[in-house]
Amino acid sequence: MNKKYTTIDHELPLIPLRGLSIFPYMILNFDIGREKSLKALEEAMLDEEMIFLTSQKDAEVEDPDEDEFYHVGTISKIKQMIKLPGDAVRVLVEGLSRGRIKEVSDDEGYYRAVVEELVEIEPEEGEEIIETDVEEEALLRNVMNVFEDYINIGNKISPELMISLSEEEDYGRVVDTIAANIYLKNTQKQEILEEFDVKKRMELIYSILLEEIEIMKIEKKITLRVKRQMNKVQKDYYLREQLRAIQKELGEDEDVSGEALKYREQLVKMKAPKATKEKIQKEIEKFERMSPASPDSAVSRNYLNTIFSLPWNKESKEKLDIAKAEAILNEDHYGLDKVKERILEYLAVRKLARTPKGPIICLVGPPGVGKTSIVKSVARSLGRQFVRLSLGGVRDEAEIRGHRRTYIGAIPGRIINGMKEAGTKNPVFLLDEIDKMASDYKGDPASAMLEVLDPEQNKDFVDHYMEIPFDLSKVLFITTANSLDGIPGPLLDRMEVIRIAGYTEEEKLKIAQRYLLSKQIKENALPEGFVTINEEVMKKIVTYYTREAGVRGLERTIGKVCRKVARKYVEDPSMEGYDVQAEDLEKFLGKEIFRFDLAKEEPRVGLVTGLAWTAVGGVTLEVEVNVLKGKGEIVLTGQLGDVMKESARTAISYIRSVADSLGIEEDFYKTKDIHIHLPEGATPKDGPSAGITMALAVISALTGRGVPGNIAMTGEITLRGRVLAVGGVKEKLLAAHRAGITKALLPEECKADLDEIPDNVKKDMEFVLVETMDDVLREALV
């Protein structure tokens, strides 16, 4: 029928809704918590309970301005209001009619709008009434038919709604009721709300219903397909299968088949033995047959990802320039000539033979001598990747060989992980602290290393997790250790040992000036070259504040000096630099820690200086002997080990056999108690090299003849007084040199070891080779 409309303006409080839309004739409840909205609600309750509701464009905005909410909404009637705990309020409203905002303001702390409402004018008496438009009627029927289909397919709307709508004569109300009861996006709801023309609104809802019905049919089709695929085991994974079916319907099938295809492409590019590729191919086929929801699928995927992340094909291009490599080694390290020479020999062999078997080098020496850092320099000089694996405390074989895939959470061993990290087949692989490996009920990791470090076997290294051979023959393995004592014989047999004994004072001085000072200046955030230490002052730091084989303690001491200077610099920013003087050392570092009185003292009775070797380098060792009246008891103190106790008893037996020639009472072993003590009682000591030292100390105490304090000695004693060779000669002599010793007695059999002693040590010390205790007595006993 013909309808006439007019507009009426209302001034109403306004509330922007977040994520909600309300249509005319629709009843809606929602919660209000924002301060502006609560004020608008209060005003509406005072003003005929009428309010204007519109939707925010972005629901995340907490305090929207005028441009952030739509200007077409619904004039509504507040039906009910309930206060909730806190400051929130729950409101029940009924939509009355559409409205368009003409003006809006928030001067009173809430939004207030002038809203234009479109109102139908009733026909006047006697005015001709035109029957309903046939096109509108047809359109309505179409809308009602598709809505009925929507209800039947979706089965989520009560059929009673269809009955009530069929009796409704207001077409606009029919459309709005349908829009309020179907699934629509917020933008679609707003589009319908903003359409004031009923006919156009019907066309819009009709197109939306057709689209929704098509989507629902596809959903139903997907559901039926999924149900056909399911069995008893798959019921638990219904949602995953539904997602897979949706992806298939959309043509976005990224399931297992796609992953398997990628794995096959990687397998084609991979350079590996035929048997290896066949095994990987079988694993890919097995993975492809698995359900994505199966736990085994994740295990298989992780396994294949590990396989293809290994460097089967990639190899670093070596820079076989011996002159350049020598320059890099000399640039990074001072001294260590033997190590550098061995590395350069290896490079020369690599240049002559393109595929030699990689040697396994083991650098043995005390902490702080530069074992790890020289390996980094080797990698740099070769142009290879560097990987470090610390073996300290490793006690599980699976750490090296990996866990079998039958275990939950299985992972590859550290060797394979190191190769993944390197990304190339030929890295320089540092196995740090190989002497610190332990073993327990889980296996012996040292035994697992036998295959890794054997050039004849590591071409086909098999990790328990991978279960396929991987070629390690191109890897340059270099190991480090503080001592060879903790390395099993079969493992040690596979390595070429290079000893790094430690540094002389001159070498430490050069290292401190060239490397350590600049490094500590940088680490303590001082400007480059800010701290200067001349050679004389640096020598005092080296001599009187450190006594070690390496330079780690020296670096810490220099760092302490730099920190003192840093504080001065903060207190006085105008400083341009600081030159450390000798008088500053006591202020910065305290009193001198080490003295050289030992080498300057006059001959001492019953007190002899020996030389010993420990895991932290060579050390000087004092042996004290006191002879007391008693019953011939021998007392040994100072935490001596079994071997050292046997050396003491051997020395006593030797002395008894030559007592007459030495002017010692023949029955001294019956009438006198002999107490042998090695100071620093808290430190365990063992080994045979203190034999001649203890024998000489006992003879000195029994005869009353002194031994000069500038003499030190090392050597194993026999019952007949022979002096046998001992190890660690270079480390012991360097320790003696640091302690100010000027004369050292060594076994004759250790003559070859003197070739390794630095020239400056030879210049400062006298070396006497002895074969028997007679030689020792002649050289040392006053």
Side-chain angles (χ1 to χ4, degrees), residues 17 19-30 53-55 59 70 72-74 76 92-98 132-228 238-239 241-252:
L17 301 178
L20 291 174
S21 293
I22 182 169
F23 289 95
Y25 319 110
M26 176 181 173
I27 294 177
L28 176 73
N29 69 71
F30 56 90
L53 301 176
T54 185
S55 296
Y70 295 106
V72 174
T74 306
S76 305
L92 182 69
V93 297
E94 180 184 4
L96 299 179
S97 62
R98 284 172 173 72
T132 305
D133 186 343
V134 176
E135 189 178 344
E136 279 190 14
E137 180 66 30
L139 193 53
L140 179 66
R141 287 183 184 182
N142 282 341
V143 170
M144 294 298 287
N145 287 337
V146 292
F147 185 54
E148 186 175 5
D149 291 343
Y150 182 91
I151 293 172
N152 292 335
I153 294 171
N155 203 22
K156 294 177 182 177
I157 299 174
S158 171
E160 294 174 4
L161 179 64
M162 189 69 192
I163 297 169
S164 63
L165 287 178
S166 62
E167 297 173 356
E168 179 62 52
E169 296 181 358
D170 187 340
Y171 294 177
R173 183 164 187 165
V174 171
V175 176
D176 288 342
T177 305
I178 291 173
N181 283 278
I182 64 172
Y183 172 77
L184 294 173
K185 296 176 185 175
N186 285 338
T187 52
Q188 290 175 318
K189 290 178 181 178
Q190 188 62 33
E191 191 178 358
I192 293 170
L193 198 59
E194 291 184 358
E195 187 53 72
F196 284 77
D197 186 284
V198 176
K199 188 175 178 180
K200 289 181 180 178
R201 206 184 312 158
M202 282 196 288
E203 290 173 353
L204 185 58
I205 199 71
Y206 179 63
S207 64
I208 290 172
L209 281 169
L210 286 174
E211 187 179 341
E212 284 296 313
I213 287 170
E214 196 61 36
I215 292 170
M216 289 168 69
K217 283 179 180 178
I218 294 172
E219 281 182 351
K220 199 166 187 178
K221 184 180 174 183
I222 291 168
T223 304
L224 289 172
R225 183 186 295 123
V226 172
K227 283 182 179 177
R228 282 196 299 269
Y238 171 77
L239 292 175
E241 290 292 334
Q242 192 175 45
L243 178 61
R244 184 182 175 190
I246 290 169
Q247 287 177 331
K248 193 170 184 179
E249 194 68 33
L250 294 173
E252 299 173 356

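The only option from I213, I205, I208 that meets the side-chain contact (heavy atoms from CB on, under 4.5 Å) definition with V146 turns out to be I213.
Taking 4.5 Å as the limit, some side-chain heavy atom of T74 sits within range of a side-chain heavy atom of L193. I192 is listed as a side-chain neighbour of L184, based on a closest heavy-atom distance under 4.5 Å. You'll find the side chain of F196 reaches within 4.5 Å of the side chain of V72, heavy atoms only. Annotation: side chain of V175 is not in contact with side chain of F23 (no heavy-atom distance under 4.5 Å). Using a 4.5 Å heavy-atom threshold, the side chains of V174 and M144 count as touching. Between R98 and P24 there is a side-chain heavy-atom pair separated by less than 4.5 Å. Using a 4.5 Å heavy-atom cutoff, the side chains of V93 and I27 are not in contact.
Listed by first and then second residue, the salt bridge (charged side-chain N to carboxylate O under 4.0 Å, His left out) pairs involving residues 200-209 are D176-R201 (not counting sequence neighbours). Residue pairs satisfying the side-chain hydrogen bond (donor to acceptor under 3.5 Å, both in side chains) criterion with at least one member in residues 21-30, sequence neighbours excluded, are listed as follows: S21-S55. Annotation: side-chain hydrogen bond (donor to acceptor under 3.5 Å, both in side chains) contacts involving residues 185-194, sequence neighbours excluded, comprise Q190-E194.
Residues meeting the side-chain hydrogen bond (donor to acceptor under 3.5 Å, both in side chains) test with E195, sequence neighbours left out: none. With sequence neighbours excluded, the residues that form a side chain to side chain contact (heavy atoms under 4.5 Å, CB included) with Y183 are Y150, E212.
Remark: L17 CG to S76 OG distance equals 8.5 Å, nearest 0.5 Å. In this structure, the separation between CD on E148 and CG on L209 is 12.0 Å, given to the nearest 0.5 Å. To the nearest 0.5 angstrom, Y206 atom OH is 12.0 Å from L140 atom CG.
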